[in-house]
2 protein chains.
Amino acid sequence: MVTNELKLSSSGDRMLAVLSLFTIDRSEWTVDVAAEELGVSATTAYRYFKRLTNAGLLSPVSRASYVLGPAIVQMDRQIQICDPMLRAGRTVMKDLIRYATEGSVLLLCRLFHDRVMCVHQVAGRGPLEPVSFERGRLIPLFLGATSKIILAHLPPRTLKSLFMQNAVAIADSGLGNTWDEFRQRLSTLRRDGAAVARGELDPGRVGIAAPIFEGHSILGSLSFLLPAERTDDTLIGRLAPLTIAGAREIERAMSQQAAAATASPARVRVAR
Amino acid sequence: MVTNELKLSSSGDRMLAVLSLFTIDRSEWTVDVAAEELGVSATTAYRYFKRLTNAGLLSPVSRASYVLGPAIVQMDRQIQICDPMLRAGRTVMKDLIRYATEGSVLLLCRLFHDRVMCVHQVAGRGPLEPVSFERGRLIPLFLGATSKIILAHLPPRTLKSLFMQNAVAIADSGLGNTWDEFRQRLSTLRRDGAAVARGELDPGRVGIAAPIFEGHSILGSLSFLLPAERTDDTLIGRLAPLTIAGAREIERAMSQQAAAATASPARVRVAR
DNA sequence: CGTGCAATTGTCAAAATACGAAAATAAGCA
DNA sequence: TGCTTATTTTCGTATTTTGACAATTGCACG
């Protein structure tokens, strides 16, 4: 029988697996239940929880339950302040949003395992319909411009195995029914330099996404989300090059940061 | 010789200690340097980094460096959405901020080890001077109204050991020069139900803080930060009871949440 | 202010694995 | 292509981890 549980060979991995139990749907765990879920004894589960609590990654709440802890909030702040892509992206995005029509949003996203995560979001002028793809949320690699342009730049062997395991999802999202079709579509995306998708994630929105690289490997993407009713091909034709240019700017800013960091050891000046 | 390094007896703890290497001042680490800092072999450090990277807690960046990873952003979102105190606090704070003068801020803070962390912040109307105590940031237990009101409600034995180890910091922050004075001041704070401090963290601000409990143990505090020039005793006299009432509301909302969660297993309904 | 029940922390020997050193690969870079 | 640096493997040994059980703590409830 094939299980889709991750094979965890070492004890350290098992302890970290505790963290992945905590999801939005199940945000509180008791030690007992977690022990059962993980397939370890209660004693061991208590040990894991204690360590994670000491590290601040978990925090006890009333009556024997635990939730994710404050160290996460702290580290998130650190990422906000220090993460190279986020730092570079923030500046560029603040600038770029001015070109957007009312009700638009800019997203900065990042590849994470086999999905894509939004790490920053800048809203434009005007009333804003809610964006379902908010900061911290994961979406599949096959849905939306944001994801597709990242997908298109994954290494061939990764693509092959993704295709094998997700043929249905891939067909559903219009990326082709055969491996050859799939390869073809992605190749086109790469040539165009940007992906455009209509209403794949949020019904009322059009997405335009450009890839962000570090060296030769794909890191994430920068995308415009525009209100569908006010978006035609002319607008897309104008904003696509802008998005691509923005992505290049982010890359440039990142490599400059990296160079500066090498010259004098990486220190960001901030109030502590 | 006394070292102030944490004694880490187990391997799991050592692995988690990797995470605490990452600070705002040193947000990028190479495996080699981290290995040296942790006092483990390079091989072991590679193992730790690999595990943490698999869990998404770290993320490689160019040229052999690592930074905190995307799982943290994801978990932070989860906390934003699910954390009982944050959920309860958000609602109450949005309401409460209306009572504040221009340029005010409301903070929701939480005890974390021997410090206090801001977990949520709501700005009032009007131009806002920067608040140094922003979300995710830690401050000592002895500085500012926010901290002092939490300190005042720690269990006696904790207070005793805190006093022993921080006599200087405590004296500096006006909490007393002797154990008896210290006890006296804290007792007064407890009786008042709220702490008031002027310019202890940000020079131009006055803080009014009320404690938030869960059961009998102190969890955190709710505080108003007001612009000092527009704040007199009359205003403080009005806002202090409001702050206290807000804290009680948060407690009530939390216990209601907990009750609801027990009735039907804890699930928060959110778009995924 | 006990009493009882659940939560949590020791104890200990067997079993698993983490450890470091050195060698082997892989990955940039010129 | 070579060269340097980063990362993974290998392997025998020492250390930890693990789980069953016992002991203890800590609330909640009367």
Side-chain angles (χ1 to χ4, degrees), chain A residues 7-18 28-55 58-67 69 154-158 213-219 251 254-255 258-259 261-262, chain B residues 7-18 28-55 58-67 69 154-158 213-219 251 254-255 258-259 261-262:
Chain A
K7 178 59 186 286
L8 299 170
S9 38
S10 80
S11 137
D13 288 332
R14 231 161 19 235
M15 179 173 69
L16 292 178
V18 172
E28 282 189 39
W29 287 80
T30 65
V31 179
D32 285 343
V33 177
E36 194 171 352
E37 187 79 16
L38 295 170
V40 300
S41 73
T43 309
T44 301
Y46 273 109
R47 282 191 271 248
Y48 289 167
F49 271 65
K50 191 177 193 169
R51 284 180 194 166
L52 293 167
T53 302
N54 278 335
L58 294 183
S59 171
V61 295
S62 64
R63 207 68 210 138
S65 285
Y66 288 77
V67 296
L154 291 175
R157 54 202 163 72
T158 311
F213 296 92
E214 169 156 73
H216 290 286
S217 60
I218 182 76
L219 206 76
E251 288 165 5
M254 284 178 65
S255 65
T262 317
Chain B
K7 177 60 186 289
L8 300 170
S9 38
S10 80
S11 142
D13 288 332
R14 232 164 13 237
M15 179 173 69
L16 291 179
V18 172
E28 282 189 40
W29 287 80
T30 65
V31 178
D32 285 342
V33 178
E36 195 170 353
E37 188 80 15
L38 294 169
V40 299
S41 74
T43 307
T44 299
Y46 272 109
R47 281 192 270 250
Y48 290 167
F49 272 65
K50 191 178 190 170
R51 285 179 194 165
L52 293 166
T53 302
N54 278 335
L58 295 182
S59 170
V61 296
S62 64
R63 207 69 208 139
S65 286
Y66 288 77
V67 296
L154 290 176
R157 56 204 161 71
T158 311
F213 297 92
E214 168 157 74
H216 291 285
S217 61
I218 181 76
L219 205 77
E251 288 165 4
M254 282 177 67
S255 63
T262 317

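Every value quoted in this text rests on a predicted model; they were computed, and no experiment measured them. By convention in this document, chain letters (A, B, ...) are assigned in the order of the sequence lines, proteins followed by strands, and residues within each chain are numbered from 1.
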Measure the [atom1]-[atom2] distance between [X] and [Y] for me, rounded to the nearest 0.5 Å.
{"X": "A/Leu219", "Y": "A/Met254", "atom1": "CG", "atom2": "CE", "answer": "5.0 Å"}
{"X": "B/Asp13", "Y": "A/Lys50", "atom1": "CG", "atom2": "NZ", "answer": "10.0 Å"}
{"X": "B/Trp29", "Y": "B/Glu36", "atom1": "CH2", "atom2": "CD", "answer": "9.5 Å"}

* Asked: Under 4.0 angstrom, heavy atoms only, what part of the nucleic acid is B/Phe49 near: base, sugar-phosphate, or nothing?
  -> nothing
What is the distance from [atom1] of [X] to [atom2] of [N], rounded to the nearest Å?
{"X": "A/Glu36", "N": "C/dA7", "atom1": "CD", "atom2": "P", "result": "14 Å"}
{"X": "A/Asp32", "N": "C/dT8", "atom1": "CG", "atom2": "P", "result": "8 Å"}
{"X": "A/Asp13", "N": "D/dT16", "atom1": "CG", "atom2": "C1'", "result": "16 Å"}
{"X": "B/His216", "N": "D/dC29", "atom1": "NE2", "atom2": "P", "result": "11 Å"}
{"X": "B/Phe213", "N": "D/dC27", "atom1": "CZ", "atom2": "C1'", "result": "18 Å"}
{"X": "A/Lys50", "N": "C/dA7", "atom1": "NZ", "atom2": "C1'", "result": "13 Å"}
{"X": "A/Leu38", "N": "D/dG19", "atom1": "CG", "atom2": "P", "result": "11 Å"}
{"X": "B/Leu52", "N": "D/dT7", "atom1": "CG", "atom2": "P", "result": "14 Å"}

* Asked: Looking only at heavy atoms, what is the nearest atom pair of B/Arg14 and B/Tyr48, with distance?
  -> NE-OH, 3.4 Å
* **Qualifying residue, where the test is side chain to side chain contact (heavy atoms under 4.5 Å, CB included) with A/Tyr66 and the options are A/Thr30, A/Val18, A/Val61, A/Val31** => A/Val31
* Structure fact -> Of A/Ala64 and A/Thr43, the one whose nearest nucleotide on DNA chain C sits closer to the 5' end is A/Ala64
* Structure fact -> The answer to which of A/Arg47 and B/Val31 contacts DNA chain D further toward the 5' end, by nearest nucleotide, is B/Val31
Can you tell me if [X] touches the phosphate of [N], counting only side-chain N or O atoms and a distance under 4.0 Å to OP1 or OP2?
{"X": "B/Tyr46", "N": "D/dT8", "value": "no"}
{"X": "A/Arg14", "N": "D/dT18", "value": "yes"}
{"X": "B/Arg51", "N": "C/dT17", "value": "no"}
{"X": "B/Tyr66", "N": "D/dT7", "value": "yes"}

